Each structure stands twice: as C-alpha cells, then as structure tokens.
Amino acid sequence: MNNNDRGPIKFTEIDLGGDAGEGMRIPARDPAAVTPSKSITFSMESREQAFAEEALGRADEAGEPAPFVPFMSYWATYQQMTEAQRKWYFYWRSEVRQGRYHRTDLSYIFIYVYELIHQVGWTDPREGYRLLDEIWTAYRDKFPRLDHYLKEWTADFVLIHKLDIPLIHITQRAGSLLSHELMDLELVRLFQEKPLQIPMELLLILSDYDVQDSRFYVEAGQEDLDYHIPRIVSLAAGYLREKESDQWKALFAPDIPPKTTERYLFHRAVYDARLYGRLLPVTTIPIRNHAPLRSWVTQIIRYTENKLREHRGFKGRLRGVEIAPSIERLVELYLKR
C-alpha cells in the first residue's frame with residue numbers, strides 16, 4: 001500500500017468471552033454473534049503528509065546567519081535534521097529567496113525543491129516554475145544528479161499547472177529527453193507552430209537513421225549537420241504546409257487515435273499526493289511511431305548528409321536515399337545560400 005493512500009485505521013477490541021491469558025483458550029463461536037465492546041480509532045500520518053504540513057507551517061520562517069553544517073539523507077525532511085542543520089537550512093533558504101546561492105549540500109536543496117512542489121514560497125505557478133528553474137540553474141554544475149530529478153519534477157509542475165512553457169526547454173536544460181508520452185505531446189505542439197522549428201534532439205527520435213553514428217558526423221560533419229538538419233527539415237515542413245497541405249496533414253497531423261497514459265507524479269520526491277493526486281492522465285497522439293513521418297524525416301536527414309558530404313569533399317555517399325524532387329530542389333537552394 002502506498003503511504004499516501006493510508007486513511008484512518010480502526011482497531012476493534014472484541015469480547016473474547018473469557019480470560020485469554022488462561023492457556024490462550026478462546027471458545028469457538030459464531031462470528032456474527034460477536035459484539036464489539038469497545039472501538040479505538042487513530043490516524044496514521046505518512047512521512048509525506050507530515051512534511052507538507054510542517055512545510056506550510058514554516059513557509060514564512062526567516063533564518064538568522066548560521067554556520068554551514070553538512071547534511072546527507074535519502075528523502076530528506078525537516079525531522080531528519082539536527083537543530084544546527086535546521087538553523088543553517090532556514091538561513092540558507094532566506095538567502096536563496098534573495099537570489100544568493102551559498103555552498104550547501106544536496107539534501108538541503110531537495111528539501112527546498114519539495115517545498116516548491118507543495119506551493120511553499122510562491123503564490124503564482126509561473127513564479128513557482130521560475131524558482132524551480134533558478135535553483136536548478138544555480139546548483140546543477142555542482143550536483144549533476146539534479147538534472148535527473150528536476151527534469152521530471154519540473155515537467156510534472158508544468159503539466160499540473162497547465163503552464164505555457166515548452167517541454168523542450170526542460171529537455172535542453174537537462175541534456176536528455178523526457179518520457180515518450182511527453183515527447184509526443186511536445187512534438188504535436190511543435191507541429192502546430194509557425195514557423196515550424198524542430199530541434200535536433202527531437203528529430204533524432206523521429207529518424208530511423210542515427211546520424212550521430214555516421215562516419216561523416218564523427219570525423220568532420222558534426223557542426224554542419226547539427227546546424228543545418230533542423231533548419232532544412234523545418235523549411236521542408238513549412239513548404240509542405242503552404243504548397244502541399246494534404247501531404248503535410250498526412251505526415252504532421254495524421255488521423256491517429258489518441259492514447260492516454262498515467263504519469264506517476266513527482267516520482268521519488270517527498271510529495272503529499274493529497275495536493276495534486278498520485279497519477280496524472282496524459283493524452284496525446286503517438287506521433288513518434290507514425291511510419292510515414294519517420295520515413296520522411298529519415299530520408300531528408302540522409303539526403304542532407306549526402307549533400308554536405310559533397311560540399312565538404314568527403315568521400316562516400318549514403319545509398320537508397322529517396323525524397324520528392326520539390327524537397328530536393330529546396331534543400332539544394334538552401335545549401336547554395
């Protein structure tokens with residue numbers, strides 16, 4: 001059972017019909033005839049619930065200058081800190097709220113992030129997002145593990161509060177992609193924008209050809225390919241939208257049944273699920289698996305690599321490349337410029 005699912009737990013004292021201590025002999029009887037003689041009720045509060053309540057109670061607590069005290073704990077909470085550690089934490093937090101980021105330990109940072117998740121320290125969700133982004137920026141070089149956790153938690157925050165913030169900003173910060181359903185969500189959003197701009201990291205998950213493994217990319221063409229491929233694909237998609245709308249719709253807005261998955265919110269954080277719930281339904285079009293789009297992107301990437309190999313005098317060409325003549329001319333005109 002998940003800690004956050006615990007409600008009031010009732011224990012009932014049953015009349016045993018005799019002295020249970022006397023050889024522990026309990027007479028057999030019809031369970032329906034047993035009448036409770038006394039009922040005792042108490043609630044068991046989870047660690048997450050206790051943290052959330054204490055965080056709200058300490059939301060405005062200001063810390064006086066205090067010496068740094070090391071602190072390392074898994075799923076850190078206030079209860080795991082000594083008095084000296086608490087004094088440092090609230091002084092450090094007061095400084096962070098003023099934009100001053102002193103040297104500290106990762107567990108202190110996690111407690112601060114848990115507070116932000118629980119609406120402590122902000123009133124508007126956009127402010128909460130800004131504070132999450134700032135603490136991540138301030139300490140990610142010192143603590144690379146923050147990328148792993150804050151990538152997902154920040155995405156959860158954006159989804160819960162329906163913020164108009166592209167998820168690609170989060171993946172670019174972390175240097176790694178989010179879960180598949182969120183990448184589908186972001187791709188569908190990007191495909192509706194004008195002008196269409198698809199970053200390289202998303203093109204890589206749409207292509208059946210891994211350009212980063214090619215000899216040209218490794219030996220000579222990384223800078224060229226990373227720069228030109230997103231621009232060429234975006235240019236070609238924009239051309240289809242304007243000149244060949246039926247094909248554009250077939251590729252970028254296909255009639256695919258939507259798929260709903262449940263996202264586990266703030267996984268591995270100290271998070272009280274009474275706030276937003278434990279699972280968040282995410283409904284999107286599984287565009288990553290749309291075969292015509294994957295083939296179209298793959299062929300444009302391979303054609304672009306061949307043209308750049310030619311421009312750079314690099315020996316060898318990729319075989320089996322097929323793209324529409326109109327897109328071929330578009331790519332050649334772009335590269336000539």
Side-chain angles (χ1 to χ4, degrees), residues 2-4 46-48 50-52 54-55 68-82 84-86 88-97 99-122 128-161 163 165-183 186 199 201-202 204-205 212 263-273 275-276 278-280:
N2 188 290
N3 287 341
N4 295 310
S46 73
R47 171 189 57 192
E48 292 80 4
F51 173 84
E54 187 168 1
F68 167 73
V69 182
F71 177 47
M72 195 285 287
S73 175
Y74 294 105
W75 291 284
T77 66
Y78 308 110
Q79 295 300 319
Q80 292 168 304
M81 290 190 282
T82 65
Q85 289 168 335
R86 277 191 288 272
W88 163 257
Y89 174 73
F90 288 108
Y91 166 65
W92 170 80
R93 188 183 74 173
S94 297
E95 290 289 282
V96 166
R97 288 177 172 180
R100 295 185 288 270
Y101 300 94
H102 302 302
R103 179 180 68 89
T104 195
D105 275 347
L106 185 60
S107 292
Y108 291 119
I109 298 170
F110 277 134
I111 289 180
Y112 177 75
V113 170
Y114 300 156
E115 289 179 349
L116 295 178
I117 288 172
H118 288 91
Q119 301 182 7
V120 172
W122 56 270
Y129 172 82
R130 177 182 62 80
L131 294 173
L132 277 172
D133 186 68
E134 287 178 354
I135 198 72
W136 188 3
T137 300
Y139 290 105
R140 66 184 300 262
D141 289 342
K142 174 67 175 176
F143 300 107
R145 287 173 57 197
L146 283 174
D147 285 354
H148 173 73
Y149 294 102
L150 282 178
K151 174 186 68 173
E152 297 294 337
W153 297 346
T154 303
D156 289 339
F157 192 93
V158 168
L159 293 172
I160 287 168
H161 296 289
L163 298 178
I165 295 171
L167 295 175
I168 191 61
H169 291 177
I170 299 171
T171 67
Q172 289 172 333
R173 162 67 60 81
S176 60
L177 297 176
L178 292 162
S179 56
H180 291 165
E181 72 274 8
L182 296 193
M183 289 297 89
E186 184 66 0
E201 50 265 49
L202 292 187
L204 292 176
I205 69 171
Q212 293 182 334
R263 181 172 174 82
Y264 194 89
L265 290 175
F266 301 114
H267 183 52
R268 301 192 71 184
V270 175
Y271 160 63
D272 181 3
L275 186 58
Y276 306 118
R278 174 53 65 193
L279 298 173
L280 178 70

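Just so it is clear, the model here is predicted, and its values are computed rather than measured.
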So CD of Glu181 and CG of Leu280: to nearest 0.5 Å the spacing works out to 9.5 Å
So for atom NE2, which belongs to His161, do other residues, nucleotides or ligands contribute more than 12 heavy atoms lying within a distance under 6.0 Å? yes
When you check the side-chain N and O atoms of Ser179 and Arg263, is any donor under 3.5 Å from an acceptor? yes
Minimum heavy-atom distance between Val120 and Leu116, given as atom pair plus value: O-CD2, 3.5 Å
Can you confirm whether or not the ring centre of His148 sits under 6.0 Å from the ring centre of Phe143? no
Side chains of Gln79 and Glu54: does their closest heavy-atom pair fall under 4.5 Å? yes
Ile111 side chain reached by Met81 side chain, heavy atoms, under 4.5 Å: yes
Aromatic ring proximity, centroids under 6.0 angstrom, Phe157 and Trp136: no
Determine whether the aromatic ring centres of residues Phe71 and Tyr89 are separated by less than 6.0 angstrom. no
Could you check whether any side-chain heavy atom of Trp75 comes within less than 4.5 Å of a side-chain heavy atom of Gln80, counting everything from C-beta outward? no
Minimum-distance pair of heavy atoms, taken over all atoms of Gly121 and Leu131: O-CD1, 3.6 Å
When rounded to the nearest 0.5 angstrom, what is the spacing between CZ in Arg97 and CH2 in Trp92? 10.5 Å
Any side-chain donor near an acceptor of the partner, Tyr276 and Gln119, under 3.5 Å: yes
With side chain to side chain contact (heavy atoms under 4.5 Å, CB included) as the test, would you mind laying out the steps for Tyr108 and Gln85 before giving the verdict? CA-CA 9 Å; Tyr108 291 119; Gln85 289 168 335; 3.4 Å; yes
Which distance, rounded to the nearest 0.5 Å, do you find between the CD1 of Ile135 and the CZ of Phe110? 11.5 Å
Write down the atom of Glu186, the atom of Pro166, and the distance for their closest heavy-atom approach. OE2-CB, 3.5 Å
Can you run down the salt bridge (Lys or Arg N to Asp or Glu O under 4.0 Å) pairs that involve residues 137-150, sequence neighbours left out, and say none if there aren't any? Arg140-Asp147
Might you point out which heavy atoms bring Ser107 and Ser73 nearest each other, and give the distance in Å? OG-N, 2.9 Å
How long is the span from the OH atom in Tyr149 to the CD1 atom in Ile109, to the nearest 0.5 Å? 13.0 Å
Residues Val96, Thr104; criterion side chain to side chain contact (heavy atoms under 4.5 Å, CB included); working and verdict: CA-CA 11 Å; Val96 166; Thr104 195; over 6 Å; no
Apply the test salt bridge (charged side-chain N to carboxylate O under 4.0 Å, His left out) to residues Glu152 and Arg268: give CA-CA distance (whole Å), side-chain angles for both, the deciding distance (0.1 Å), then the verdict. CA-CA 10 Å; Glu152 297 294 337; Arg268 301 192 71 184; over 6 Å; no
Proximity of Tyr271 and Tyr114 rings by center, below 6.0 Å: no
Using the test salt bridge (charged side-chain N to carboxylate O under 4.0 Å, His left out), find all partners of Arg100 that sit at least two apart in sequence or belong to another chain. Glu95
Is His102 close to Phe68 at the side-chain level, that is, under 4.5 Å between some pair of heavy atoms? no
N/O donor-acceptor pairs under 3.5 Å from side chains in residues 167-177, not counting sequence neighbours:
| from | atom 1 | to | atom 2 | distance (Å) |
| --- | --- | --- | --- | --- |
| Thr171 | OG1 | Ile168 | O | 2.9 |
| Gln172 | NE2 | Glu201 | OE2 | 3.2 |
| Arg173 | NH1 | Asp133 | OD1 | 3.1 |
| Arg173 | NH1 | Thr137 | OG1 | 2.9 |
| Arg173 | NH2 | Asp133 | OD1 | 3.3 |
| Arg173 | NH2 | Thr137 | OG1 | 3.1 |
| Ser176 | OG | Lys151 | NZ | 3.1 |

Within a strict 4.5 Å, meaning less than it, do heavy atoms of the Met72 and Leu106 side chains meet? no
What is the distance from atom OH of Tyr139 to atom CD of Glu134, rounded to the nearest 0.5 Å? 12.0 Å
Is the closest side-chain heavy-atom distance between Asp105 and Val69 below 4.5 Å? no
With rounding to the nearest 0.5 Å, note down the distance linking CG in Asp156 to CD1 in Ile117. 8.0 Å
Between Phe51 and His118, does the ring pair (Phe, Tyr, Trp, His ring centres under 6.0 Å) criterion hold? Intermediate values first, please. CA-CA 9 Å; Phe51 173 84; His118 288 91; 5.7 Å; yes
Measure from the side-chain N and O atoms of Trp153 to the backbone N and O of Leu265, and report whether any donor-acceptor pair falls under 3.5 Å. no
